[in-house]
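Hydrogens, waters and symmetry mates are skipped; everything else that's a heavy atom, side chains included, is used.
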Amino acid sequence: MAASAKSFLADAGYGEQELDANSALMELDKGLRSGKLGEQCEAVVRFPRLFQKYPFPILINSAFLKLADVFRVGNNFLRLCVLKVTQQSEKHLEKILNVDEFVKRVFSVIHSNDPVARAITLRMLGSMASIIPERKNAHHSIRQSLDSHDNVEVEAAIFAAANFSAQSKDFAVGICNKISEMIQGLATPVDLKLKLIPILQHMHHDASLASSSRQLLQQLVTSYPSTKMVIVTLHTFTLLAASSLVDIPKQIQLLLQYLKNDPRKAVKRLAIQDLKLLANKTPHTWSRENIQALCESALHTPYDSLKLGMLSVLSTLSGTIAIKQYFSSAPGTAATTTRSFDLVKLAQECCYHNNRGIAAHGVRILTNISASCQEKDLLPLEQDAVFGLEALLVLCSQDDSPGAQATLKMTLTCMVKLVKCRPHLSQSVVESLLTQLHSAQDGARILMCHCLAAIAMQLPVLADGMLGDLMDLYKLIGRSTTDKKQELLVSLATVIFVSSQKALSSEIKTVIKQQLENASNGWTAYRIARQASRMGNHDMARELYQSLLTQVASEHFYFWLNSLKEFSHAEQCLAGLQEDNYSSALSCIAEALKSYHKGIASLTAASTPLNPLSFQCGFVKLRIDLLQAFSQLICTCNSLKTSPPPAIATTIAMTSGNDLQRCGRISNQACMKHSMEEFRNLATRYGDLYQSSFDADSATLRNVELQQQSCLLISHAIEALILDPESVSFQEYSSNGTAQVESEYERRMMSVFNHVLEEVESLNRKYAPVSYLASNTCLCDAVIALLKVPLSFQRYFFQKLQSTSIKLALSPSPRNPAEPIAVQNNQQLALKVEGVVQHGSKPGLFRKIQSVCLNVSSVLQSKSGQDYKIPIDNMTNEMEQRVEPHNDYFSTQFLLNFIVLGTHNITVESSVIDSNGIVWKTGPKTTIFVKSLEDPYSQQVRLQQQQGQPPSQQQQQRTAYSRF
């Protein structure tokens, strides 16, 4: 709860002054040099935190060399601490620059007489396998240690062998026979064999190696039938098949064979676990016969725990391509009805099972079949799915245990999926949810509210019918202040906001406010206000923000709430717009702009260096500019009405060849053209805001996109009706309504877009050329229709679920940022750019970084030499490179020319490219200065020429370019 309650402003406080990287490293080095073992250990274990704060190679290299010294001369406990630090900091190992020196210091301990020291060294080498995969001395030491008589050393050698096998093909090929001999040797104890077998999972570097490993495992599984041996061997078998990809169908058959024929429950459980792994990884490799065999095993097993596992595999497969393969009729056989398949029989049999986990998986299978096989007649299956879901809903909503809650989540997810693909079932599903909502536990009520909100978003036609029941329940919530009650208040309010399609009635507002006064804390009231802002209920949101202003302890929070109150008031002003009343529209927009300007001042005051609120400020500034553009457009249209074009305007237009003359004086002043360009400029700025919002959720990005489309729509309408009605095309705008609509706000905006386009197109076609009066009316109506849709402030405006930032380091870099780097003009500057990608608590929640695009440009700021005639290409540098981060680190170099003497400004800007290839302008932008100096030889020649002395013969030959 505390984590979810953390606002994006929670980190707004200023931190204490931190040590810089060198000071922090010196502090730890002092601890390493201490004579006390405790202080040394404390210094060692603080290194991972140092790497996290300063993740650049120059510091990490120095730190690891110091740790290697401690490893070389310290005792075994210190070595163990260094080993743990190395394992925790595995992703930083590739930043070690002096790998040879680091390995040399660590490797010296392998010759110790102490087997424990040798074992720790082996584990250290195994942990470093990613940076030294082909070190032959490490390979040799591991092979030797496998023959040791000390168990600790042998286990460490097995750990190292597994890590090196995963990284090095040569090592894997060389060690495979050795492992095989040890596993098959009679002298090797069974517990050691159990540890050796998993190494074979890494023998997937080529087909022959994988094949020989598979043959060995096949021999082992038949030669050693004990339970432990079979379990370890089968699991290694599965992991090897999953990595090599070639033998997955054979592995599925082998696992199904053990599941069917082996009487031991432990082996059956392992087979089910591995089948689940393969179902998730490669569902397309499952044949119809495989699924059929699994169904038969599930139908005949008497054990509920095994049946649950098998159904879990089948429910995973039912949501993938495998289900279509199962139901497609085999060639040469008659098509069978869906009900006659064993999978359907099994699911129907399990729907009402007394084990709720089995019942949930049975219902999930039926739901997935109904969603995947829409071309078949599945009415009986749909009814079975609905009845099963309702039964599970009744069962789980009365139970507060974690198991029941997990089952309820699965049930509600299936309900949303079923309603989405089969809308005719929605009425009965919603009725059952509303009926059960009154008697359910609070935890279950919260989940059911989320489900109702999702259904109402998809099918708004059902929303009105929910309101009565929801309001009755809202009145009945007790005055308890427990976390679940508070969460329930927020969830119910959200469903009410979704359900009331238009403005909230005064009765609903009164009930919500009364409950908030009686039973809520300030955080709950803020969350409800936030949801009201997201759903466009700005009058309710404004009142709640107003009530919270005096309840916060920080001035930053006060200014944040005050800005939200002003934004809500501004949008509430726009809700009073009326069609055909353009003068009142102008006064409403003016009032809204007044509140928006107050709000942006408060929002600026709420920002801090740690939380600059850049998206929020950018979004609101664009909204202000958009409202001003709308107001200007209405004023222009009104001016055109008060001074219409002369009667002979059309004749003048035809005579002069300038079609804009039809609109008379206003067009000549280019007001309409200016308006069109302003809307296009706004659309471009909305596009820039979209590109800079890498961490935003999809709903927020869609909202920004809709604002951009509204700007493009108005500019298109101006062009089509007034500026260039002849050549305008409607084709590119006609497909907007075909996309999947995700929210009520989007649905209403798309409806306005389509209506405006139809109006413009019909005017353009019927009444060409369009009269100034009709075109003005159409434009003003379009503006009012767009403004009448209440603006939705989406999640990213309030809450940042994903956080991604890039930190750049340039070398060479000056000691003082304002001081330039000196470079001779006949040399090139090698600029090294290193970067680290930093993540928040949920990396890659919405999108992941595929590569980083680095753009380097230089501009001449001031000349210090004579004004020679130099080609323009030599005066600037423009370069771009794309690099893929590895373990969140990337590095590249640029060669820059500075032929012109003087001070140059170098700018390095980074942007990221996600896994879909979309470029996001995330920044940062770093600047350094370079001073280009004349090389000594050229300076000498120039001075001699000025003094009238010809350069000597030897000097003439040694020009700057003679070497090349």
Side-chain angles (χ1 to χ4, degrees), residues 83 86-87 90-91 93-94 99 103 106-107 110 118-148 150-185 188-221 224 229 231-248 251 274 277-278 281 886-887:
L83 170 64
T86 307
Q87 289 175 339
E90 191 176 354
K91 74 175 189 177
L93 288 175
E94 65 183 29
V99 176
V103 174
V106 169
F107 194 75
I110 201 75
R118 293 199 301 271
I120 294 172
T121 308
L122 286 166
R123 287 187 179 272
M124 188 77 173
L125 290 170
S127 303
M128 294 152 47
S130 59
I131 58 168
I132 52 165
E134 305 300 340
R135 293 287 169 122
K136 300 304 176 190
N137 53 356
H139 294 181
H140 177 69
S141 298
I142 293 167
R143 288 178 69 93
Q144 265 192 323
S145 298
L146 284 171
D147 295 325
S148 172
D150 186 87
N151 283 341
V152 175
E153 188 176 355
V154 173
E155 284 181 19
I158 291 170
F159 169 82
N163 283 15
F164 272 91
S165 297
Q167 299 290 338
S168 168
K169 179 184 174 182
D170 288 349
F171 181 80
V173 171
I175 204 76
C176 188
N177 290 333
K178 171 82 175 169
I179 299 292
S180 173
E181 287 168 14
M182 289 181 72
I183 291 172
Q184 291 176 316
T188 312
V190 175
D191 61 333
L192 197 58
K193 289 181 181 179
L194 291 172
K195 290 170 183 169
L196 283 165
I197 290 170
I199 296 177
L200 296 172
Q201 70 184 282
H202 303 297
M203 306 295 169
H204 53 74
H205 297 282
D206 60 34
S208 60
L209 184 63
S211 177
S212 60
S213 302
R214 193 168 175 82
Q215 284 173 7
L216 173 59
L217 288 166
Q218 188 71 57
Q219 289 172 15
L220 289 174
V221 89
Y224 297 93
M229 206 73 173
I231 285 173
V232 172
T233 309
L234 274 180
H235 189 55
T236 306
F237 230 146
T238 303
L239 294 174
L240 177 63
S243 299
S244 59
L245 300 176
V246 181
D247 299 305
I248 290 177
Q251 184 61 23
D274 283 359
L277 187 150
L278 294 175
K281 187 174 174 65
H886 187 254
N887 287 330

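The salt bridge (Lys or Arg N to Asp or Glu O under 4.0 Å) analysis of residues 133-146, with sequence neighbours excluded, yields the pairs D100-R135, K136-D170. Sorted by first then second residue, the salt bridge (Lys or Arg N to Asp or Glu O under 4.0 Å) pairs that include residues 173-184, not counting sequence neighbours, are D147-K178. Applying the salt bridge (Lys or Arg N to Asp or Glu O under 4.0 Å) rule to pairs touching residues 200-212 yields K169-D206, sequence neighbours excluded.
Smallest separation of non-hydrogen atoms from I142 and A157: CG2-O, 3.6 Å. Nearest heavy-atom pair across H139 and S168 is CE1-OG, 3.9 Å. Between F171 and A161, the shortest heavy-atom distance links the atoms CE2-O, 3.4 Å. Across F164 and I132, no two heavy atoms sit closer than the pair CE2-O, 3.1 Å.
Listed for the S145 side chain is no donor-acceptor partner under 3.5 Å among the backbone atoms of E153. In this structure a side-chain-to-backbone donor-acceptor pair under 3.5 Å is missing from S211 to A207.
Side-chain atoms of L93 and N887, non-hydrogen and from C-beta on, never get closer than 4.5 Å to each other. The shortest side-chain heavy-atom distance between L216 and I179 does not fall under the 4.5 Å cut-off. By the 4.5 Å heavy-atom criterion applied to side chains, R214 and S244 are not counted as neighbours. Residues I175 and L146 have side chains in contact (heavy-atom distance under 4.5 Å, counting atoms from C-beta outward).
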Please table the atom pairs, donor to acceptor, closer than 3.5 Å between any side-chain atom in residues 122-131 and protein atoms at least two apart or in another chain.
{"from": "S127", "atom 1": "OG", "to": "Q87", "atom 2": "NE2", "distance (Å)": "3.2"}
{"from": "S127", "atom 1": "OG", "to": "R123", "atom 2": "O", "distance (Å)": "2.9"}

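In terms of the side-chain contact (heavy atoms from CB on, under 4.5 Å) criterion, residue partners of Y224 (sequence neighbours excluded) are, by chain and number, K193, L220, M229. Every residue two or more places apart in sequence or in another chain that forms a side-chain hydrogen bond (donor to acceptor under 3.5 Å, both in side chains) with E94 is listed here: H886. Judged as a side-chain contact (heavy atoms from CB on, under 4.5 Å), and not counting sequence neighbours, the contacts of V232 are L194, I197, P198, T236. Annotation: side-chain hydrogen bond (donor to acceptor under 3.5 Å, both in side chains) contacts of Q218 (sequence neighbours excluded): none. The side-chain hydrogen bond (donor to acceptor under 3.5 Å, both in side chains) test applied to D274 returns H235, T238, not counting sequence neighbours. Remark: A166 engages H202 in a side-chain contact (heavy atoms from CB on, under 4.5 Å) (not counting sequence neighbours). Under the rule for a side-chain contact (heavy atoms from CB on, under 4.5 Å), the partners of A172 that lie at least two apart in sequence or sit in another chain are S165, M203, H205, L209. Applying the side-chain hydrogen bond (donor to acceptor under 3.5 Å, both in side chains) rule to K195 yields the partners E155; only residues at least two apart in sequence or on another chain are considered.
In this structure, L217 CG and S180 OG are separated by 9.5 Å, a value rounded to the nearest 0.5 Å. From C176, atom SG reaches atom CD1 of I199 across 10.0 Å, with rounding to the nearest 0.5 Å. Atoms CG and CG, from L200 and L239 in turn, are 11.5 Å apart once rounded to the nearest 0.5 Å. Annotation: the span from L196 atom CG to I183 atom CD1 amounts to 5.5 Å, rounded to 0.5 Å.
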